[in-house]
J.: 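Below is the structure I would like to discuss, written out as structure tokens.
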Number of protein chains: 2
Amino acid sequence: METIGFSKHDHHACIEEGLAAVEATCRRDGLQFTPQRRRVLEILLQEHRAMGAYEILDKLRAEGMGAQPPVAYRALDFLVGNGFAHKIERLNAFIACAHPGARHKPAFLICRKCDSVAEASSDAALKAMTETVSDTGFQIDRMMIEALGICPNCAGAEAT
Amino acid sequence: METIGFSKHDHHACIEEGLAAVEATCRRDGLQFTPQRRRVLEILLQEHRAMGAYEILDKLRAEGMGAQPPVAYRALDFLVGNGFAHKIERLNAFIACAHPGARHKPAFLICRKCDSVAEASSDAALKAMTETVSDTGFQIDRMMIEALGICPNCAGAEAT
DNA sequence: TTGCTGTTGATATGATATAACAACCGATAT
DNA sequence: ATATCGGTTGTTATATCATATCAACAGCAA
């Protein structure tokens with residue numbers, strides 16, 4: 001067990017499960033889960049944090065898997081486009097989806113001390129926003145929520 | 001009257017009022033509302049849309065007001081830092097605050113047809129998110145909400 | 001005067017992201 | 001077998017967004 005993100009978990013299993021879930025979804029939907037795409041997702045799952053595209057690219061490069069920016073961005077486009085990873089706009093960074101397979105509308109909790117990112121549900125907030133804007137005529141299709149704050153780990157560290 | 005954003009309004013007056021409100025706040029808080037900063041805010045108010053930093057810089061350049069990126073970014077940092085303008089992360093762009101002076105927690109409504117941006121209150125959504133994450137131990141300091149969708153104007157145009 | 005703080009000017013560089021086009025590969029139609 | 005078509009990959013080049021750094025200067029206070 002390792003402590004990454006906001007809670008302890010079996011990280012090895014979480015990587016395996018993440019890959020397996022995406023593999024299954026791709027098979028079901030006729031999507032090509034190519035070695036590059038698989039490797040990028042694997043990297044994101046292993047690191048378990050938001051990573052810049054160039055940071056990912058460096059890893060690919062080290063493995064001889066394509067050295068140019070488009071390689072990383074294409075794989076990320078695929079992963080993000082299909083909900084297997086998310087882009088954190090605030091950080092210009094990407095993170096593996098914590099609930100692959102499950103249809104969900106994530107909000108992100110970003111720790112401003114350690115930059116760790118957790119996924120939360122945005123369902124309630126989306127409902128609230130929908131009500132807030134109901135009289136403007138604006139029709140919400142998708143919502144990006146990124147909350148900045150202090151994660152439990154860093155809050156504990158501060159209190160020390 | 002012109003139609004900009006989601007509703008008709010007296011745009012000339014809205015620029016005047018915006019500048020006046022910021023001027024007053026700066027005087028009150030001892031902030032230096034320098035010509036550069038003023039001009040950048042004025043540009044944002046005039047255009048009344050989200051603008052990239054380099055787009056603003058081009059305008060400054062044309063007026064002989066400093067031609068290097070830091071000029072624009074410094075002014076924008078000041079404006080954003082003091083709540084006189086907002087950064088739209090999704091667009092890597094900046095927009096004048098629609099309610100300068102008023103303390104508020106804006107959410108942004110971004111039209112995916114015309115890229116226009118409106119401000120809405122995020123109060124209800126913030127409350128909802130706070131409840132959603134209450135059991136995680138994450139403490140939310142600030143929240144970024146950017147909703148993508150269709151603005152009333154474009155919805156009307158589509159229906160045609 | 002000196003020193004301090006905040007702003008501006010300018011050069012350079014870093015970081016993030018995409019355009020464009022050729023090559024390839026597997027599936028399928030002829 | 002071979003043409004061709006969609007999707008993926010390889011590669012070069014470039015576009016776009018943002019900051020580090022340091023010198024100059026202006027206002028103000030000790």
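Predicted model only: the values in this text are computed from it and were never measured.
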J.: I want to check one thing: is the phosphate of D:dT19, taken as OP1 and OP2, less than 4.0 Å away from some side-chain N or O of B:Y73?
T.: no
J.: Strictly under 3.5 Å: I want the nitrogen or oxygen pairs between protein and nucleotides 27-30 of chain D, one per line.
T.:
none

J.: Cluster question for you: counting only ILVMFWY and a side-chain heavy-atom cut-off of under 4.5 Å, with indirect links fine, are B:V133 and A:M144 together?
T.: no
J.: If hydrophobic clusters are built from ILVMFWY residues whose side chains come within less than 4.5 Å, do A:F108 and A:L76 share one?
T.: no
J.: State which residues pass side chain to side chain donor-acceptor pair (under 3.5 Å) with B:E17; sequence neighbours excluded, sorted by chain then number.
T.: none
J.: Could you list the donor-acceptor pairs under 3.5 angstrom formed by side chains in residues 36-44 of chain A, with sequence neighbours left out?
T.:
{"residue": "A:Q36", "atom": "NE2", "partner": "A:M65", "partner atom": "O", "Å": "3.4"}
{"residue": "A:R37", "atom": "NH1", "partner": "A:Q32", "partner atom": "O", "Å": "2.8"}
{"residue": "A:R38", "atom": "NH1", "partner": "A:E23", "partner atom": "OE2", "Å": "2.2"}
{"residue": "A:R39", "atom": "NE", "partner": "A:E63", "partner atom": "OE1", "Å": "2.9"}
{"residue": "A:R39", "atom": "NE", "partner": "A:E63", "partner atom": "OE2", "Å": "3.2"}
{"residue": "A:R39", "atom": "NH1", "partner": "A:E42", "partner atom": "OE1", "Å": "3.2"}
{"residue": "A:R39", "atom": "NH2", "partner": "A:E63", "partner atom": "OE2", "Å": "2.7"}

J.: Please check this pair: side chain of A:S122 against backbone of A:K105, looking for a donor-acceptor N/O pair closer than 3.5 Å.
T.: yes
J.: Is any side-chain N or O of B:Y54 under 3.5 Å from a base N or O of D:dA18, one able to act as donor and the other as acceptor?
T.: yes
J.: Holding to side chain to side chain donor-acceptor pair (under 3.5 Å), I want the full list of residues that pass it with B:H104, two or more places apart in sequence or in another chain.
T.: B:E119
J.: Rounding to a whole Å, what distance do you find between B:M51:CE and D:dT16:P?
T.: 15 Å
J.: Which pairs count as side-chain hydrogen bond (donor to acceptor under 3.5 Å, both in side chains) when at least one residue sits in residues 66-79 of chain A, sequence neighbours excluded?
T.: none
J.: Using a 4.0 Å cut-off to any heavy atom of chain B, which nucleotides of DNA chain C are the first and last in contact, reading 5' to 3'?
T.: C:dG6 to C:dT11
J.: Restricting to side chain to side chain contact (heavy atoms under 4.5 Å, CB included), what partner residues turn up for A:C14, sequence neighbours left out?
T.: A:H9, A:H11, A:H48
J.: List in numerical order all residues of residues 88-98 of chain A for which some heavy atom is under 4.0 Å away from an atom belonging to DNA chain D.
T.: none
J.: Please state how far atom CG in B:L57 lies from atom C1' in D:dC17, giving the value in whole angstrom units.
T.: 12 Å
J.: If the condition is side chain to side chain donor-acceptor pair (under 3.5 Å), which residues does A:D135 pass it with, not counting sequence neighbours?
T.: none
J.: Sequence neighbours excluded, which residues qualify as ring pair (Phe, Tyr, Trp, His ring centres under 6.0 Å) partners of B:F94?
T.: none
J.: Tabulate protein N/O versus nucleotide N/O from nucleotides 9-12 of chain D, keeping only pairs under 3.5 Å, one per line.
T.:
{"residue": "D:dT9", "atom": "OP1", "partner": "A:T34", "partner atom": "OG1", "Å": "2.9"}
{"residue": "D:dG10", "atom": "OP2", "partner": "A:Q36", "partner atom": "NE2", "Å": "2.6"}
{"residue": "D:dG10", "atom": "N7", "partner": "A:R74", "partner atom": "NH1", "Å": "2.9"}
{"residue": "D:dG10", "atom": "O6", "partner": "A:R74", "partner atom": "NH2", "Å": "2.5"}
{"residue": "D:dT11", "atom": "O4", "partner": "A:R74", "partner atom": "NH2", "Å": "3.3"}

J.: How long is the line joining CG of B:D58 and C1' of D:dC17, in whole Å?
T.: 13 Å
J.: Does A:R142 reach the main-chain N or O of B:L148 with its side chain, forming a donor-acceptor pair under 3.5 Å?
T.: no
J.: For B:I88, is there any backbone N or O sitting under 3.5 Å from a side-chain donor or acceptor partner on B:E146?
T.: no
J.: Report the residues that fulfil side chain to side chain contact (heavy atoms under 4.5 Å, CB included) with A:T130, sequence neighbours left out, ordered by chain and then residue number.
T.: A:L126, A:I140
J.: Given atom CD of B:Q32 and atom P of D:dC25, what is their separation to the nearest angstrom?
T.: 18 Å
